[in-house]
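Notes for the one structure printed next.
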Amino acid sequence: MSVEFCGLELVHPIINASGTFDAIAAGRAFGEELIERFPFAAFVSKTVTLQPRQGNPPPRLWELAGGLINSIGLPNQGLRGYLQHDLPELARLPVPLIVNVMGSSRDQVAELVAAFGERAEVAALELNVSCPNVETGLLMGADPAEIAALLDRVRPLTSKPLIVKLTPNATDVPAVARAAQGAGADAVSLINTLRGMALDPRTGRPWLGGVTGGVSGAAVRAVALAQVHAVAQAVEIPIVGMGGVASGADALDLMRAGATLVAVGTESFRDPAAGLRVASELAELAANSAV
Amino acid sequence: MSVEFCGLELVHPIINASGTFDAIAAGRAFGEELIERFPFAAFVSKTVTLQPRQGNPPPRLWELAGGLINSIGLPNQGLRGYLQHDLPELARLPVPLIVNVMGSSRDQVAELVAAFGERAEVAALELNVSCPNVETGLLMGADPAEIAALLDRVRPLTSKPLIVKLTPNATDVPAVARAAQGAGADAVSLINTLRGMALDPRTGRPWLGGVTGGVSGAAVRAVALAQVHAVAQAVEIPIVGMGGVASGADALDLMRAGATLVAVGTESFRDPAAGLRVASELAELAANSAV
Amino acid sequence: MSRSPAPFGRRAAKIVARETLGAYVVIRASDPGGPVPRPGQFYMLQAAERWGGGEGERPFLPRAFSVLRMIGSPPTPELHFLIEDVGPGTNRLCELEAGEELLLVGPLGNGFEAPREGRGALLVGGGVGIAPLAIWQDELDASTPALLGFRDAEHAVGAGLMANASVATDDGSVGHHGLVTDLLEEQLDARGDELEVYACGPPAMLEAVRATCVRHAVPAQLALESGMACGFGACFGCVVPTVDGYVRLCLEGPVLDAERLVGAAAFAGTGAGH
Amino acid sequence: MSRSPAPFGRRAAKIVARETLGAYVVIRASDPGGPVPRPGQFYMLQAAERWGGGEGERPFLPRAFSVLRMIGSPPTPELHFLIEDVGPGTNRLCELEAGEELLLVGPLGNGFEAPREGRGALLVGGGVGIAPLAIWQDELDASTPALLGFRDAEHAVGAGLMANASVATDDGSVGHHGLVTDLLEEQLDARGDELEVYACGPPAMLEAVRATCVRHAVPAQLALESGMACGFGACFGCVVPTVDGYVRLCLEGPVLDAERLVGAAAFAGTGAGH
Ligand SMILES: Cc1cc2nc3c(=O)[nH]c(=O)nc-3n(C[C@H](O)[C@H](O)[C@H](O)COP(=O)(O)OP(=O)(O)OC[C@H]3O[C@@H](n4cnc5c(N)ncnc54)[C@H](O)[C@@H]3O)c2cc1C
Ligand SMILES: Cc1cc2nc3c(=O)[nH]c(=O)nc-3n(C[C@H](O)[C@H](O)[C@H](O)COP(=O)(O)OP(=O)(O)OC[C@H]3O[C@@H](n4cnc5c(N)ncnc54)[C@H](O)[C@@H]3O)c2cc1C
Ligand SMILES: Cc1cc2nc3c(=O)[nH]c(=O)nc-3n(C[C@H](O)[C@H](O)[C@H](O)COP(=O)(O)O)c2cc1C
Ligand SMILES: Cc1cc2nc3c(=O)[nH]c(=O)nc-3n(C[C@H](O)[C@H](O)[C@H](O)COP(=O)(O)O)c2cc1C
Ligand code: FES
Ligand code: FES
């Protein structure tokens, strides 16, 4: 089931969702077997920002019926730390590397895109736009004009594929996708997490250190499918579909709705090799049905 | 646990979510016992539109892990039919009646508000704004300016409490709530269903007759809590919280997040008397903790 | 209308026994104080424990089942249900052990009406659709003829639940080799003007029964199925198309007069075909 | 670092036996081909069937458990876990019957390091926190002293899992009436310069152990807990504050040197206090 995506040849259509698999940490936990049986056809990094971030205070997790709320808060070493420590290690992975970046202004995103754009180890960039632009106050990924302005700024900085990771917490996601396509994005990915919250039953106060968080897992699957389907009607560029994928059947649903690649997120927490399982279940289903 | 809401005295804070309990049909199924043990402190009607609607073609339901997607499509007899058949029967309920209305233009909503505004049987009106305005093309409930314009038009037509039922499929729900408050809404209610979809595994085509539908039930609970919490920071008018409430603990969460009343929807399908159970569980919890 | 109202709310019923009957399972639950259902009415069932979760994640909603039989009488009647394991909900119900609890709401919907003046009942069932016919035969008379269609011998074991049955199987392993509507055709040809047909079964069979009865101008009451979330008219999810537009099957049915139905479309969107 | 790498992915392990031990349950699972864990390492566990769903809806994620003991040797070792039923996940695990399947990932994390030159181990456990100390004592020497604190006599039954134990109970029903840190204080007063402390238990106890050891300038290795989604560094959910900022407990821990911790804050956000 090899697949072509923005000029990359992938051995199957299953990749990881940003922030849900740390290949370096997994290498420490699972040793060489991780590399021998690497579960994803491309590896997507956790979001990298310009400056290092500690992330949100714990607790950072709340379990739901069929899902999870996280308020991790994008901890990362920052651009410099990533280039120095992570990039060399990730370059050794047997699959292409997609670096996910986020900035809180167009200039910040531009700096990140420019820096990664010139690194041969990086196959493609994913822009996480689930963040307000500090200059305009608007959520970058919720407003078509804002997205177009961002792409206008960063598109000229690299010839590598640019994937825009859309936020699902928006009125008109297809319009944002269309704007991204119009301004030169090579692909879109969705869905990111839905805004959610939990209270500590004992105190009645917000459980999560970050107060609110993002919902992922089975609980968001139907929403993801609807959004991928709607975006597929709106754009011609390829789509990376994700949200609650736990089986080959879930992946097939997203592909039937229009996704070229499918990303596995939360399910990897329940089954570290979920990517492999989903890919093989998908191959089996695809053999028995027309995708 | 009696509670005051927009001038109405309610015996407890639990009401039904629009479209999830038909008191007339339930009377046929359960006889007089329904009235003797009526599960809600006020009864909210299914959405009434100006003209009769057949609703969407079946299938209309898809079950999820911890939830449901529905594409019912707002079947109803229309204003005239409702006034003639339903209103006299519902007036016999032992609790105040809240009529939920929807139009696809400001004029349509105005006509509905004016018609129900003069009926003594109606205690309050709920405006379902999860619908595009045919004149502007904008989803009424997703845009603060659109909501303000709608309220400007209909507010003068009645002195009865007007509750605006917000759509959760919007970028900035608190901004919409603020606009509703600014233009004279007496309360807001949320959340309506999240847009979702399912494919028929055998054919790969959309399962629901209406192609997409709305997700409700446990799967949306965390999203509902986050939105109620965010809206509570933005407005002073009372809030009717709903979304996945299945227990007194869930209701308490929404009240702690800022809701004055809590509505039970999908859980009534699993347990027709869920309203009673939630109200008594809530009373017990409230007795043991400061709401 | 043939309807016995249900107690308001969902009540717990203890499983008294579970029996395997060929390809089916019969569960018996004691329903102390529960009303006597009308034949053709149904209950919404869910297991009190382990309803959903696990790898398959579903079920979440209760499931609709025709009452197969009521044994004993108030105040301690025993309800029987005939279940075919076709998915996560029926699978869990088929696993219920004696002593476990079932949560139930019902009886719901409208049951069968007595045959019109001058006509006698003819029961036509397919697969697990024999359930409402069994209790109807209990009430009518054990000599009421029943034509029952099954996939194969393992399923045809279900015919033992009824008296005076003629069986057809798809594979010819028991009785007539062919469709139950072949048997129906014979009966209606022979004495259609004395009969009123009562039928329940999979969509294709019901549509064939409907068309056959229309052709012979024989009145028919059909017990339909559709995907249901609530069973008491709350969700508007279970509609089927009729000459009067969409009607909620849980409220106006599940038994509908054949004349009210608009052909194959009425059986198309059931979602739950066996 | 004391770490045995885990096979990649989740594997099924058959439950061999379940034993009730006072307030606790010990489950034994056979792990053919599984690696030998280092004492202090943990596994992510979930039941293969009935993990989630039902009225309580959760669990959805796997749960972290220290390995209590490994009996037998490769290729057919048996892993033991000591479990206290505190919520939906532990509840389901405590119900597992022999023959049922456990899905496990592990061993994960860093275990205990040998005592520094010139020091001997002193084990300090609270409640279910004795689990990693038992396997550590197996490796060190059965004569390694253990100070164990429990709520009451029912919980103190757990002390039987270890050798050479001094027990304290909150209610005085067994051993010293008071906190296990009273016993620790005595030991450190008497011979702190010969000891390295290994501790695991509830947050308040660990913080008291940490403070006591700092006060006596005695090195301590603490096995912490925090809410975990994945156990292998993927989610960044399990962080605890250290002098180097937040670290992922599943990756850098669960055993951390007391010096790396920044006081009570390190134990505040664990989410899973027993
Ligand atoms: C009035 C009435 C009486 C009935 N009486 C009986 C009876 O006596 N005995 C009996 O065995 N059955 C009876 N049924 C049918 C029974 O209710 C269904 O077989 C049952 O609901 C199936 O549930 P399940 O979870 O086992 O299977 P499901 O997975 O629900 O599968 C059943 C069908 O539902 C559809 N489906 C699949 N996935 C989904 C989903 N996620 N959401 C929605 N639909 C889905 C498919 O078309 C599938 O074929 C009756 C139904 C009705 C309406
Ligand atoms: C490294 C490590 C080793 C461990 N070793 C052992 C051991 O050997 N034996 C043992 O018994 N335990 C051990 N634990 C603790 C064990 O993992 C927890 O007790 C278990 O996860 C609790 O799960 P539960 O579903 O039973 O309870 P939960 O409901 O998860 O409750 C546990 C705590 O989680 C919090 N909580 C409640 N609801 C939620 C929610 N919805 N989402 C998130 N958090 C919630 C509350 O603070 C609650 O007190 C260990 C933990 C770690 C991290
Ligand atoms: C713990 C956690 C951390 C995440 N971190 C990131 C991140 O750093 N950047 C990003 O773009 N998305 C992040 N996501 C979102 C996922 O990439 C994905 O969009 C979402 O979880 C939906 O997929 P799932 O349901 O399969 O998990 C994170 C999700 C989770 C659960
Ligand atoms: C079957 C169904 C029908 C609904 N019909 C309406 C409706 O007519 N008008 C409306 O405003 N909301 C309608 N809703 C939305 C509910 O009122 C409620 O906002 C939503 O279901 C979330 O609550 P819950 O999770 O408790 O069901 C409907 C929901 C369901 C499940
Ligand atoms: S099943 Fe809900 S209205 Fe019929
Ligand atoms: S539990 Fe996921 S990173 Fe530690």
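Treat the numbers as computed from the prediction; the structure is a model and nothing was measured. The sequence lines fix the lettering, A, B, ..., with proteins before strands; numbering per chain opens at 1.
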Considering only heavy atoms and a distance below 4.5 Å, find which of D:Ala234, D:Gly233, D:Ala229 pairs most often with chain A. D:Ala234

If we ignore angles and hydrogens, is there a donor and acceptor under 3.5 Å between the side chains of A:Ser189 and A:Glu126? yes

Portion of A:Thr266 that has a non-hydrogen atom of chain D nearer than 4.5 angstrom: side chain

Would a line drawn from the ring center of D:Tyr246 to the ring center of D:Phe236 be shorter than 6.0 Å? no

Is it the side chain or the backbone of A:Asn70 that comes within 4.5 Å of chain D heavy atoms, both, or neither? neither

Would a line drawn from the ring center of A:Phe21 to the ring center of D:Phe232 be shorter than 6.0 Å? yes

For A:Leu276, is it the side chain, the backbone, both, or neither that has a heavy atom closer than 4.5 Å to a heavy atom of chain D? side chain

Atom group of D:Arg11 that falls short of 4.5 Å from chain A, counting heavy atoms: neither

Does any backbone or side-chain atom of A:Asp200 lie under 4.5 Å from a heavy atom of chain D? Answer side chain, backbone, both or neither. neither

More than 12 foreign heavy atoms under 6.0 Å from CD of A:Glu284: is that the case here? no

Paired with D:Ser2, the side chain to side chain donor-acceptor pair (under 3.5 Å) test is passed by just one of D:Glu113, D:Gln221, D:Arg38, namely D:Arg38

Please classify the contact of D:Leu108 with chain A as side chain, backbone, both or neither, using a heavy-atom distance under 4.5 Å. side chain

